[in-house]
Amino acid sequence: MGGRTINVLNVAEKPSVAKSVATILSRNQGLRIREGRSRYNKIFEFSYSIRGQPCHMLVTTSVTGHLMELEFRRALPKWHSCDPAELYHAPVRKYVPEDKKGYQENIRRGSEEMPVAWARFSALIDREIHEAVQNLVEPNQWFADAVDARQEIDLRIGASFTRFQTMLLRDAFAMDSVTDDKNLVLSYGPCQFPTLGFIVERYWEIQSHEPEEFWTINCSHRSDEGLATFNWMRGNMFDYTSAVIIYEMCVEEPTATVTNVRHHERLKYPPHPLNTIELEKRASRYFRMSSEQTMKVAEELYQAGFISYPRTETDTFPSRTDLHTIVEEQQGHPDWGSYAQRLLDSGAGLWRNPSSGGHDDKAHPPIQPTKFSTGESGWREEHWKLYELVVRHFLACVSQPAVGAETIIELDIAGELFSASGRVILAGRICVKNYLDVYRFESWGGSMIPPYVVGQQFIPTALTLDSGVTRPPPLLSEADLLSCMDKEGIGTDATMHDHIKKLLDRFLTQPRTLTCVSRQLIFEYGESLVMGYDDMGYKLWKPYLRAVMERDMKAVSEGAKSKAEVLASSLQQMKACFLDARLNKVKLFEAMEVFFERSNRSGGDEQHVAGEVVRRCGLCQEADMVLKRSRDGNFMVGCLGFPQVENAIWLPGPVSEAAVTTNICNICTPGPVYKIQFKFRLLEIPPNYNANHLGCIGGCDETLIQLIEICGTGSRMPARGRGPTAPSSNGYQSNTRQGSCIYCQETGHSSSGCPSQLSVSRNARSRGMNHHNEGTSVSCSTCGTPCALRTANTANNRGRKFYSCPSRDCNFFVWEDSVNNGTGGSSLGSNTGRTSNASRNSGRGRGNRGGLHAAATAFVSATGDPVSGRRCFVCGDPSHFANGCPNRGT
DNA sequence: GCAAGGTC
């Protein structure tokens, strides 16, 4: 070895790596830097020795990501030039785009006729880089194959579906009238579609939420030292009668006794070191910046040298990091300089070695400040904010956690437990904010409460029985969306914001569906597309498909599968799915029609048809409540202020038609409450009810209340994403590949049109009861007819069995479990059937869970006051309470 | 005019 010096050309994946490698290998000695043929590519030169062989590391040049791209050959770039199905096998070519020709030239000039070897390393640290260069290996064809395969699959699938759905729907609907964009592209991609799926799925979850009423007892106490609010330790109780009984017990003996006072120290830890996803999430939460904007600004700060490389998964500092120096640089800052000084003062005890978030991409450190600045002349507000976030986050990471004292006080009122927690001002127990002093984006939270001692007694200032309704989850925030993508492996930290932006740019969703700022529904195409494919039975909008693809890529890179094998199987499956989707394109049309119908309706939102208004919303007191029909055909009366105002009255599941009339209810207040003409599906209601019914949703209508109790409401959609179309392992369902239906294994129809599934869903839709006789052991007490055993499907009693008389003239109804318990049956209207018990006795109707809850709320308010409510709930007698009522059933 | 992956 030794002798003549040879030239070695090093090609790194990106300029930042090229620079690091050159710095490490040259040990920063004799390193010369000159401009390359491409603007962003410096060329580094230095001397080195590989296994004793003196080398002129002539240049270390770099590419920027992928040098080559893929496109369809010949005339195929023209959309109408071929059937999109051809794109699964049409020839493609790899080429170097015009703006990358410079990189190509750098490599070609330096490497012609040279042997090629691979310096394989996984971290930009001295030891690894030197070892890699001393132990060069053969280039790995498997890795290259995996990248190629992914590129080809993404292009073929993306292009075929995008062309198909864009041309199909643009021809069928006047899209540009909605978007003012004649070149609207309804794109489909293996990353962007699941991203859209997360948004739509959450939206559906909100839509299908059935508000359930609950009751809770609240206690508050005002003294000279302040106000304390105590929560009932049972939390929310869904059984109204039980809640009222307990409440009356408390009102009867309202003296509160403090049973427990606990003080304890709580720590609030600073965040982990900052990586890309966390930067995007926090900028979104703290500054309402979009992830795309955040990355743009971060890139600019990085280019100008103020922060480190912004695309990193790493959230743990390498042990060699000189954290002190970074803090020292910030000492002169007018806002956080004094905090930095405190950190460096070892006597202050503020320093703490940063925690580890457990991620390390072995290439880049966490995002940290690299240059001190008090703001530059060219900076916009976003630059300032992001730089501040990076610096404050870094200072927080090397700080002690905040320490606070929390106090929990427990009370006993008539055997019921209540508790309050908060901070109590006590000598020697002061919250030490530590990192919270610099990390102004977070706070300790919690409230102050006055001090109490064990054994102390008092009469509550207020003791109320309050009602509430369960709420659906909020719309996805951009931070939530990033978390979903991260969790399911959709995109990379460098591309996630891109996928979100694409959806926004292409009208597939809107900022408001992400951030919950608008009061109305999403009108974008995105939901319709997801709905259309979902109706076909394809879970293309779920992340599974991408996950399968990622697994395949990994198998190729490990040599477990060949590129050809993965290409063939992936493309064959997706082509089958594509062809089937095209056959079922009517589903896309239908879904799109729903979209247009809704957006037309929303246009006339303020001047909606007079006939739709049922009453003024009692919750927001502002908007009207209107009769609506969900896309599953179920009826409800909802506040126009949705989703800000969640006041919805779901109507009985068996309603087939409903129309608001001009008849005004003369019982329900505040009026006017317009009556609704209903038509019920006879097969789905008990025989003693009529198909036609003029009803009121104000709470006075016993028929409606009973039908909801027995048959349930239509509020729960046959949930998308659940049920018979559960995801298969390959992420989508296609029967065409095997030629048989995945449900019944028969040929001749697709899985989405399987008759067995149609009948299942039809049954599922006929909410309420099963009409087959499950064994008759009970007879009607009036006419003696044997009664059918049926199953209730209400929120309260789902699955509970009951008997009712098949005769239209009898009201006999009894729960099966009460028969078994020996409590017997009765007719509706007497006092034993659970359905009618409370409502009859209260004289107002107990409303229902998720149904006519306005009525129940009114009732609660009438009794909720400890003064006006001092009467027995069961019989109304003011001389006693329900727990002592002689008429109370067991 | 289409995908996703990179980056100055």
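Naming: A, B, ... by sequence-line order, numbering from 1 per chain.
Per the geometry, CG belonging to A:Leu540 stands 15 Å off C1' belonging to B:dA3, to the nearest Å. Between the P atom of B:dG6 and the CG atom of A:Asp99 lies a distance of 17 Å, rounded to the nearest Å. For the pair A:Ile153 CD1 and B:dA4 C1', the computed distance is 12 Å after rounding to whole Å. Summarising the geometry, the separation between NZ on A:Lys101 and C1' on B:dC8 is reported as 18 Å, rounded to the nearest angstrom. In this structure, the CD atom of A:Gln151 is 10 Å from the C1' atom of B:dG6, given to the nearest Å. In this structure, the CE atom of A:Met574 is 19 Å from the P atom of B:dC2, given to the nearest Å. Computed from coordinates, the A:His66 NE2 to B:dA3 C1' distance equals 13 Å when rounded to whole Å.
In this model, the phosphate group of B:dG5 is approached by a side-chain N or O of A:His499 to a distance below 4.0 Å at OP1 or OP2. Distances shown here put every side-chain N or O of A:Lys100 at or beyond 4.0 Å from the OP1 or OP2 atom of B:dC8. Contact check, A:Arg163 against B:dG1: no side-chain N or O comes under 4.0 Å of OP1 or OP2. At least one side-chain nitrogen or oxygen of A:Gln192 sits closer than 4.0 Å to the OP1 or OP2 atom of B:dA3. Of the side-chain N and O atoms in A:Tyr302, none sit less than 4.0 angstrom from OP1 or OP2 of B:dT7. Within the structure, every side-chain polar atom (N or O) of A:Arg311 is placed at least 4.0 Å from both OP1 and OP2 of B:dG5. Within the structure, a side-chain polar atom (N or O) of A:Ser187 is placed less than 4.0 Å from OP1 or OP2 of B:dA3.
Taking A:His499 as the reference, nothing meets the ring-ring contact (aromatic ring centres under 6.0 Å, His included) condition, with sequence neighbours excluded. Under the side-chain contact (heavy atoms from CB on, under 4.5 Å) criterion, A:Met68 pairs with A:Lys94, A:Val96, sequence neighbours left out.
Looking at heavy-atom distances under 4.0 Å, A:Glu69 makes contact with a base. Using a 4.0 Å heavy-atom distance criterion, A:Tyr188 is classed as a sugar-phosphate-only contact. Note on A:Ser160: nothing from the nucleic acid sits closer than 4.0 angstrom, heavy atoms only. Among the protein residues, A:Leu70 comes within range of the nucleic acid bases, having at least one heavy atom under 4.0 Å from a base atom. Residue A:Tyr309 is classed as a sugar-phosphate contact, given heavy-atom separations below 4.0 Å to backbone atoms only.
Between A:Phe306 and A:Tyr387, the two ring planes are perpendicular [angle over 60°; tilted spans 30° to 60°]. Using cut-offs of 30° and 60° for the angle between ring planes, the A:Tyr188 and A:Phe161 rings count as tilted.
No hydrogens or angles considered: nothing links the side chains of A:Ser483 and A:Asp480 as a donor-acceptor pair under 3.5 Å.
Mapping A:Cys191 and A:His364 onto DNA chain B by nearest heavy atom places A:Cys191 at the nucleotide closer to the 5' end.
Taking the 5.5 Å centre cut-off and the 30° plane limit, the aromatic side chain of A:Trp79 is classed as stacked on B:dG1.
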Would A:Glu45 and A:Arg34 count as a salt bridge (charged side-chain N to carboxylate O under 4.0 Å, His left out) if you check the C-alpha gap in whole Å, the side-chain angles of each, and the deciding distance to 0.1 Å?
CA-CA 8 Å; A:Glu45 280 183 88; A:Arg34 59 180 166 89; 2.8 Å; yes
